[in-house]
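Reading through the structure tokens given below for one structure.
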Amino acid sequence: RMSAHGSREPPHLPALPLIGSLLSLQSELQPHVLFKELQVKYGQTYSLMMGSHSVIVVNHHVHAKEVLLKKGKTFAGRPRTVTTDILTKDGKDIAFGDYSATWKFHRKIVHAALCMFGEGCASIEKTICAEAQSLCSVLSEAADVGLALDLSPELTRAVTNVICSLCFNSSYCRGDPEFENMLQYSQGIVDTVAKDSLVDIFPWLQIFPNADLRLLKHCVSMRDKLLQKKFDEHKVNYSDHVQRDLIDALLRAKRSAENNNTSEISAESVGLSDDHILMTVGDIFGAGVETTTTVLKWAITYLIHHPEVQRRIQDELDRTVGDSRSPKLTDRGSLPYLEATIRELLRIRPVAPLLIPHVALCDTSLGDFTVRKGTRVIINLWALHHDEKEWKNPERFDPGRFLNSEGTGLTIPSPSYLPFGAGLRVCLGEALAKMELFLFLSWILQRFTLTVPPGHDLPSLEGKFGVVLQPAKYKVNATIRPDWNTNKGLHGRNVLQ
Ligand code: HEM
Ligand code: PLO
């Protein structure tokens, strides 16, 4: 078909059969895999209807970059959906909020705060190392008695405490009831939000009783109570002179906008209401915890499947860091194989296999195709990262892909690699996430070798699709490395010198 602009509509899928598959009622394929498979029949870029919304699916890096970078501003919108509206009080956050002055303003404040408390400041490294230390002592206690552990709650607590320190200037001990509560509601949210659920496709279904929606509302109200409590505590102790954390940074921006109510940037007009601040903190908190924890769990899963990769990282650590001190951020440059492993993990199991949907803010085009204002665009990062033309044997886990031919330096061998997205909506936490992944993994592998407990099967490599792609639950044996000096490193005093 030709349109007025002389360009074509993308190939269109028949609506009904696809909805069936999307809801995983007929197809056992998960959405990201199904979308990749559908290329065979419809081409790299095609469109379909989800309920009454027209959706374009992009499976190739050239079109992906046109959406994210070349026409980044045109495609910077976000759709409103029933579940994300519940999570974010109708899009008052950064990740699910539509493109607007408020969104821009919040992104700017958070970006500055993350630079200040994160990358720019040595204290975040100290915080991460203290958590790595505490994680390693839990592992060593289990190792001492030969106990196999589900690492998920331990990794979550370590990562949560890093983001707690950044957002709230606080942390949790093992077994803290508030933390156990958070584990529960956060899993409930991940299980129900933004995963092609029936209500997001057919919003009118809300009028019927719906167990998922009830669970989501319950979990969100528990989360909001906790956020409100932290926020109220901060308001009491707030001072313009010290900025302890992200909440202080947001409160300060609010104060200065309020004192400035002669100009047009009043607190309300730029969206610095309490609700906006709470939702933004909720985003950073949720993103900060769920993403990094998920990658760490995938890391352990793949390391158990590939003892040779584990050994090579340990060799690299032994050669460059040794066993008389713990790894530091400045070691990153001398541990290319570990960095390559992290890159490969983010390729083979992308945290957000379909990113977050984008929306065209005006009539536009994509390649030769016309795209109407309001069209939703799904970037299938899974297809980019598993493109056979770009990656040899894409399902093979091979950190070596990211090393140069001498094996001494890092490369990115294909343009079909965007683990953090790109452009206006690029991930805000990339630097923080990379610091955490590097430090947690290097601390663990310096001290332990990870294996599956005797008699257990290797953990599944298949992820569970949702707002993040999660690995299955399983138990791990951490064995203290034979040449690791326990007295020096694990319980010792000279670890953080
Ligand atoms: C958005 C990946 C960690 C905060 C995103 C997006 C991806 C992504 C793919 C969506 C981009 C788009 O829709 O075009 C990752 C990965 C992580 C990670 C792979 C860990 C390895 C973090 C952390 C934080 C964070 C630690 C917070 C400190 C955000 C926020 C957004 C976002 C706020 C929304 C940005 C916007 O819509 O403007 N991330 N992320 N992420 N990420 Fe991350
Ligand atoms: C995770 C569960 C939390 O309770 C709420 C939350 C907030 C922000 C979301 C995050 C969840 C999942 C991962 C998301 C993040 C914003 C950006 C990030 C979607 C739902 C990614 C990977 O895009």
Side-chain angles (χ1 to χ4, degrees), residues 58 64-65 67-69 72 75-79 83-84 86-88 91 93-100 103-104 106-108 110-111 113-115 117-119 124 156 159-160 162-163 166-167 182-195 216 219-220 222-224 226-227 246 279-299 342-343 345-347 349-359 377-379 381-382 384-385 418-438 466-470:
V58 171
K65 286 181 181 172
V67 170
L68 300 174
L69 292 165
F75 286 105
R78 295 287 196 207
T83 55
T84 57
I86 293 171
L87 180 67
T88 65
D93 72 327
I94 296 175
F96 302 107
D98 204 357
Y99 183 81
S100 68
W103 170 80
K104 264 198 253 177
H106 277 249
R107 226 189 117 103
K108 213 170 125 189
V110 171
H111 183 75
L114 285 177
C115 287
F117 303 114
E119 299 123 62
I124 195 72
T156 309
V159 174
T160 301
V162 174
I163 209 76
L166 235 118
C167 291
M182 182 186 323
L183 276 185
Q184 285 216 330
Y185 76 62
S186 208
Q187 189 61 48
I189 295 175
V190 171
D191 285 344
T192 50
V193 83
K195 50 179 260 184
L216 176 62
C219 291
V220 169
M222 300 219 287
R223 180 193 77 148
D224 290 349
L226 185 99
L227 289 175
L246 181 67
M279 294 303 109
T280 289
V281 175
D283 252 18
I284 300 307
F285 202 84
V289 173
E290 294 303 331
T291 54
T292 311
T293 310
T294 300
V295 185
L296 287 172
K297 288 196 265 184
W298 280 121
I342 294 171
R343 290 188 185 183
L345 284 164
L346 293 170
R347 180 193 69 83
R349 289 297 176 267
V351 173
L354 303 178
L355 309 190
I356 300 173
H358 288 243
V359 168
V377 181
I378 292 178
I379 305 289
L381 193 60
W382 177 269
L384 264 67
H385 286 186
L418 294 172
F420 295 93
L424 269 74
R425 289 283 184 169
V426 70
C427 177
L428 267 173
E430 176 170 352
L432 174 66
K434 284 180 170 165
M435 288 194 271
E436 292 189 76
L437 293 172
F438 172 79
V467 69
V468 292
L469 184 70
Q470 289 194 315

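Order of appearance sets the numbers: ligands from 1, and atoms from 1 within every ligand. Keep in mind that the numbers below use all heavy atoms, side chains included, and drop hydrogens, waters and symmetry copies.
Checking A431, C427, G286 against atom 41 (N) of ligand 1, the nearest heavy atom belongs to C427. Scanning A287, G286, G429 for the heavy atom closest to atom 15 (C) of ligand 2 points to A287. For atom 14 (O) of ligand 1, the nearest non-hydrogen atom from the set R78, H358, K104 belongs to H358.
When side chains are defined from C-beta on, H385 counts as touching P419, because their heavy atoms get closer than 4.5 Å. Looking at heavy atoms from C-beta onward, L355 lies in side-chain contact with L68 at the 4.5 angstrom threshold. Looking at V359 and Y99, their side chains never come closer than 4.5 Å, going by heavy atoms from C-beta outward. Residues L296 and E436 are not in side-chain contact: their nearest non-hydrogen atoms beyond the backbone lie 4.5 Å or more apart. Counting heavy atoms from C-beta on, the side chains of Q470 and Q187 come closer than 4.5 Å. Contact annotation: the side chain of L114 approaches that of L166 to within less than 4.5 Å [non-hydrogen atoms, C-beta and beyond].
Close contacts of ligand 1 with L355, meaning ligand atoms under 4.0 Å from a residue heavy atom, involve 9 (C), 12 (C), 13 (O), 14 (O). In summary, the atoms of ligand 2 found under 4.0 Å from a heavy atom of V190, numbered by their order in the structure, are 1 (C), 2 (C). Of all atoms in ligand 1, numbered sequentially from 1 with element shown, those under 4.0 Å from a heavy atom of L428 are 29 (C), 33 (C), 42 (N). Residue S186 has at least one heavy-atom neighbour below 4.0 Å for each of these atoms of ligand 2: 2 (C), 3 (C), 4 (O). Contact atoms of ligand 1 toward V295: 21 (C) (distance under 4.0 Å to a heavy atom of the residue). Of all atoms in ligand 1, listed by their number and element, those nearer than 4.0 Å to a heavy atom of P419 are 2 (C), 9 (C), 19 (C). The distance from ligand 1 to the heavy atoms of V351 drops below 4.0 Å at these ligand atoms: 19 (C). With ligand atoms numbered from 1 in the order given, ligand 2 contributes 2 (C), 4 (O) to contacts under 4.0 Å with heavy atoms of I189. For ligand 1, the atoms lying closer than 4.0 Å to a non-hydrogen atom of A95 are 34 (C), 37 (O). Proximity to W103 (heavy-atom distance under 4.0 Å) selects the following atoms of ligand 1: 38 (O).
Atom 1 (C) of ligand 2 has its closest protein heavy atom at E290 CG, 3.5 Å. At the shortest separation from atom 3 (C) of ligand 1 among protein heavy atoms lies T291 OG1, 3.0 Å. With hydrogens left out, the protein atom closest to atom 19 (C) of ligand 2 is V467 CG2, 3.6 Å, a heavy atom. For atom 16 (C) of ligand 2, the closest heavy atom belonging to the protein is A95 CB, 3.5 Å. The nearest protein atom to atom 24 (C) of ligand 1, hydrogens excluded, is given as G429 CA, 3.5 Å; this is a heavy-atom distance. Distance from atom 4 (C) of ligand 1 to its nearest protein heavy atom, with residue and atom name: A287 CB, 3.5 Å. With hydrogens left out, the protein atom closest to atom 13 (C) of ligand 2 is V468 CG1, 3.8 Å, a heavy atom. The protein heavy-atom contact nearest to atom 26 (C) of ligand 1 is G288 CA, 3.7 Å. Ranking protein heavy atoms by distance to atom 11 (C) of ligand 1, first place goes to R425 O, 3.3 Å. Summary of contacts: the protein heavy atom closest to atom 20 (C) of ligand 1 is A433 CB, 3.6 Å. Nearest to atom 15 (C) of ligand 1 among the protein's heavy atoms is F420 CD2, 3.6 Å.
The parts of I356 lying near ligand 1 are both backbone and side chain, judged by heavy-atom distances below 4.0 Å. Heavy atoms of F96 found under 4.0 angstrom from ligand 1: none, in either backbone or side chain. Residue contacts with ligand 2, taken as heavy atom pairs separated by less than 4.0 Å, involve I356 solely via side-chain atoms from C-beta onward. Only the side chain of T291 comes within 4.0 Å of ligand 2, counting heavy atoms alone; its backbone N, CA, C and O stay farther away. Counting heavy atoms under 4.0 Å from ligand 1, residue I94 touches it through both backbone and side chain. At a heavy-atom distance under 4.0 Å, no atom of D93 approaches ligand 2.
The distance from atom CZ of F285 to atom CG of L246, rounded to the nearest 0.5 Å, is 11.5 Å. Interatomic distance, OG1 of T83 versus CZ of F96, reported as 8.0 Å (0.5 Å rounding). Between atom CZ of residue R107 and atom CG of residue D283 there is a gap of 11.0 Å, rounded to the nearest 0.5 Å. The CG atom of L432 sits 9.5 Å away from atom CD1 of I284, with the distance rounded to the nearest 0.5 Å. Remark: R347 CZ to L381 CG distance equals 11.0 Å, nearest 0.5 Å. One distance of note links CG of L469 with OG1 of T294; it measures 8.5 Å at 0.5 Å rounding.
Checking only distances, E436 never comes within under 3.5 Å of ligand 1, N or O to N or O. Below 3.5 Å of separation, one finds no N or O of D283 facing any N or O of ligand 1. Where the criterion is an N or O separation shorter than 3.5 Å, residue side chain and backbone included, R107 meets it with respect to ligand 1.
Protein heavy atoms are absent from the 4.0 Å sphere centred on atom 21 (C) of ligand 2.
Panel note: side chain R78, backbone I356; a donor-acceptor pair is recorded below 3.5 Å. In terms of modelled atom types and a separation under 3.5 Å, the side chain of R425 and the main chain of F75 share no donor-acceptor contact. In this structure, D93 contributes its side chain and T280 its backbone to no donor-acceptor pair below 3.5 Å.
When all heavy atoms of P357 and P79 are compared, the pair lying nearest together is O-CD, 3.4 Å. Heavy-atom minimum distance, R223 versus I189: CD-CD1, 4.2 Å. Summarising the geometry of A433 relative to F420, their closest heavy-atom pair is CB-CE2, 4.4 Å, with the distance given to 0.1 Å.
Other residues, nucleotides and ligands contribute at most 12 non-hydrogen atoms within 6.0 Å of the CD atom of Q184.
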